[in-house]
Colleague: 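Here you go, one structure.
Just so we're clear, the structure is a prediction, and the values are computed from it rather than from any experiment. Below, read A as the first sequence line, B as the second, and so on, with proteins coming before strands; counting in each chain starts at 1.
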Number of protein chains: 2
Amino acid sequence: MLSKKTRYALKALVVLGKNFGGTPIQISKIATEEHIPKKFLEQILLDLRNAGLLFSKKGSGGGYGLVKDPADISVVQILRLTGGPVALLPCVSLNFYQKCDECVNEATCGVRDVFVEVRDATVKILSETSIADLIQREKNLISSFG
Amino acid sequence: MLSKKTRYALKALVVLGKNFGGTPIQISKIATEEHIPKKFLEQILLDLRNAGLLFSKKGSGGGYGLVKDPADISVVQILRLTGGPVALLPCVSLNFYQKCDECVNEATCGVRDVFVEVRDATVKILSETSIADLIQREKNLISSFG
DNA sequence: AAAAAAGTCTACTTAATCTATATACATTGT
DNA sequence: ACAATGTATATAGATTAAGTAGACTTTTTT
């Protein structure tokens with residue numbers, strides 16, 4: 001499962017993506033709209049800022065905005081930034097690899113072999129999907145039965 | 001990430017699958033071979049037995065064995081039995097659905113929409129893979145560089 | 001019948017980590 | 001100067017996973 005941190009990050013980025021090019025949006029606005037605890041969201045946006053994804057502006061009229069075009073930010077990138085696990089097994093993770101401590105022989109493990117496949121399928125989808133795509137999907141869903 | 005319970009279950013089933021049709025295997029043997037804490041493994045195998053996947057025999061010469069052919073047991077089934085999450089979001093899970101408490105409108109959520117796709121891809125792979133396939137994969141890996 | 005070899009069952013404990021909150025500080029705009 | 005806003009770090013609280021303990025039951029062997 002994704003952590004709430006990852007979920008909140010994605011939702012916040014969707015909000016910011018819709019506003020790309022406009023004036024900064026305040027944390028509290030996003031928190032209220034998306035039902036995210038404000039203090040928690042502060043930390044998350046700060047992380048995204050320190051990772052170079054967001055710019056921030058302090059003081060009155062301040063807030064956050066996207067640095068890059070939402071079409072150039074992939075979902076998988078956000079999972080990794082927020083520490084969300086993509087792989088279902090530690091020994092299969094590309095970015096957070098860890099040996100399974102019970103494992104007798106990783107190289108010949110059939111279980112691992114399947115979960116490599118699962119990881120590849122997941123990474124494919126999530127790296128081909130951008131924040132802009134999330135916004136588009138939302139629009140499509142709204143027009144189809146919103 | 002899969003829980004250790006799920007991982008241990010899969011590894012134990014591979015051992016039992018190799019032995020399908022033979023005499024029962026003791027918990028302690030599996031625990032030793034696969035580096036799984038014995039007491040923990042006891043609980044797991046008991047669950048699998050209560051789910052009808054394994055039979056058990058008490059007393060001297062006792063142990064566990066598979067009830068069904070390993071080719072008829074899918075990996076996804078084991079994940080579900082051992083409570084492992086297949087979906088990456090609770091609102092996307094087929095068997096353990098839960099509303100995301102922050103979610104404003106699930107039906108039009110773009111984030112959810114992508115993770116439905118990820119879930120489908122994952123379920124496809126894991127439902128097409130059986131315990132027998134895991135064993136076969138292991139053999140293939142051994143012959144290719146074991 | 002007794003003893004030994006397994007599995008069964010329930011409860012408890014520990015440890016980790018995720019989630020959230022609190023507090024003090026820094027910067028900007030009016 | 002003051003209010004609005006983000007920055008940073010620390011800590012508390014909640015939840016769950018992981019593992020452990022111990023007494024019990026059934027079966028086989030002697």
Colleague: In whole Å, I'd like the distance from the NZ atom of A:Lys38 to the P atom of D:dG6.
Modeller: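 Taking atom P of D:dG6 as the reference, NZ of A:Lys38 is at 7 Å.
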
Colleague: Identify which one of A:Val15, A:Asn19, A:Ile44 satisfies the side chain to side chain contact (heavy atoms under 4.5 Å, CB included) criterion when paired with A:Ile30.
Modeller: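 Exactly one candidate clears the test, A:Val15.
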
Colleague: What's the verdict on side chain to side chain donor-acceptor pair (under 3.5 Å) for B:Gln136 and B:Asn140, showing C-alpha distance, side-chain angles and the deciding distance?
Modeller: CA-CA 6 Å; B:Gln136 187 55 51; B:Asn140 294 344; 3.0 Å; yes

Colleague: If the cut-off is 4.0 Å, is B:Ser28 near the phosphate of C:dA6, judged by side-chain N/O to OP1 or OP2?
Modeller: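 B:Ser28 to C:dA6 OP1/OP2: no side-chain N or O under 4.0 Å.
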
Colleague: Rounded to the nearest angstrom, tell me the gap between atom NZ in A:Lys5 and atom P in D:dA14.
Modeller: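 In whole Å, D:dA14 P and A:Lys5 NZ are 21 Å from each other.
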
Colleague: Using ring centroids (six-membered ring only for Trp), state whether A:Phe55 and A:Tyr64 fall under 6.0 Å.
Modeller: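 No, ring centres 6.0 Å or more apart.
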
Colleague: Can you check the A:Ile27 CD1 to C:dT21 C1' distance for me, whole Å?
Modeller: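 Spelled out: CD1 on A:Ile27 to C1' on C:dT21 is 15 Å.
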
Colleague: Decide yes or no for A:Val116 and A:Leu89: does some side-chain heavy atom of the first lie under 4.5 Å from some side-chain heavy atom of the second?
Modeller: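 A side-chain contact under 4.5 Å is absent here.
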
Colleague: Does D:dG6 have OP1 or OP2 sitting under 4.0 Å from an N or O in the side chain of A:Arg49?
Modeller: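 No, no such contact exists.
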
Colleague: Give the rounded distance in Å between these two atoms: CZ of A:Phe40 and P of D:dT7.
Modeller: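 After rounding, the reported distance stands at 17 Å.
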
Colleague: Taking NZ from A:Lys4 and C1' from D:dA14, how many angstroms apart are they, rounded to a whole number?
Modeller: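 In whole Å, D:dA14 C1' lies 11 Å from A:Lys4 NZ.
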
Colleague: Kindly point out which of D:dT7, C:dG7, D:dT20 is positioned nearest to the side chain of A:Tyr64?
Modeller: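 For the A:Tyr64 side chain, the nearest candidate turns out to be D:dT7.
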
Colleague: Nearest to the side chain of B:Gln43, which nucleotide is it out of D:dT7, D:dT20, C:dC9?
Modeller: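 The closest nucleotide is D:dT20.
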
Colleague: Consider the side chain of B:Gln26, meaning its heavy atoms from C-beta on, and name the nucleotide among C:dA26, D:dA10, C:dA6 that approaches it most closely.
Modeller: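 Of the options given, the side chain of B:Gln26 lies nearest C:dA6.
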
Colleague: Can you tell me how far C1' of C:dA6 sits from CD of B:Glu42, to the nearest Å?
Modeller: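 Result: 10 Å.
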
Colleague: What is the separation between atom CD1 on A:Ile36 and atom P on C:dT21, rounded to the nearest whole Å?
Modeller: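 Checked: the CD1 to P distance equals 13 Å.
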
Colleague: May I ask you to verify whether the side chain of B:Lys39 and the base of D:dG22 hold a donor-acceptor pair under 3.5 Å?
Modeller: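 Answer yes: a donor N or O sits under 3.5 Å from an acceptor.
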
Colleague: Quick one: A:Met1 CE to D:dT15 P, roughly how many Å, whole number?
Modeller: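 Nearest whole value for this atom pair: 17 Å.
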
Colleague: In a check of side chain to side chain contact (heavy atoms under 4.5 Å, CB included) between B:Leu54 and each of B:Leu16, B:Leu46, B:Asp47, which one passes?
Modeller: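 With B:Leu54 as partner, B:Leu16, B:Leu46, B:Asp47 yield a single side chain to side chain contact (heavy atoms under 4.5 Å, CB included), made by B:Leu16.
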
Colleague: Between D:dG19, C:dC9, C:dA6, which one does the side chain of B:Tyr8 approach most closely?
Modeller: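 Of the candidates, D:dG19 comes closest.
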
Colleague: Under 4.0 Å between a side-chain N or O of A:Lys57 and OP1 or OP2 of C:dG29?
Modeller: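 Yes, such a contact exists.
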
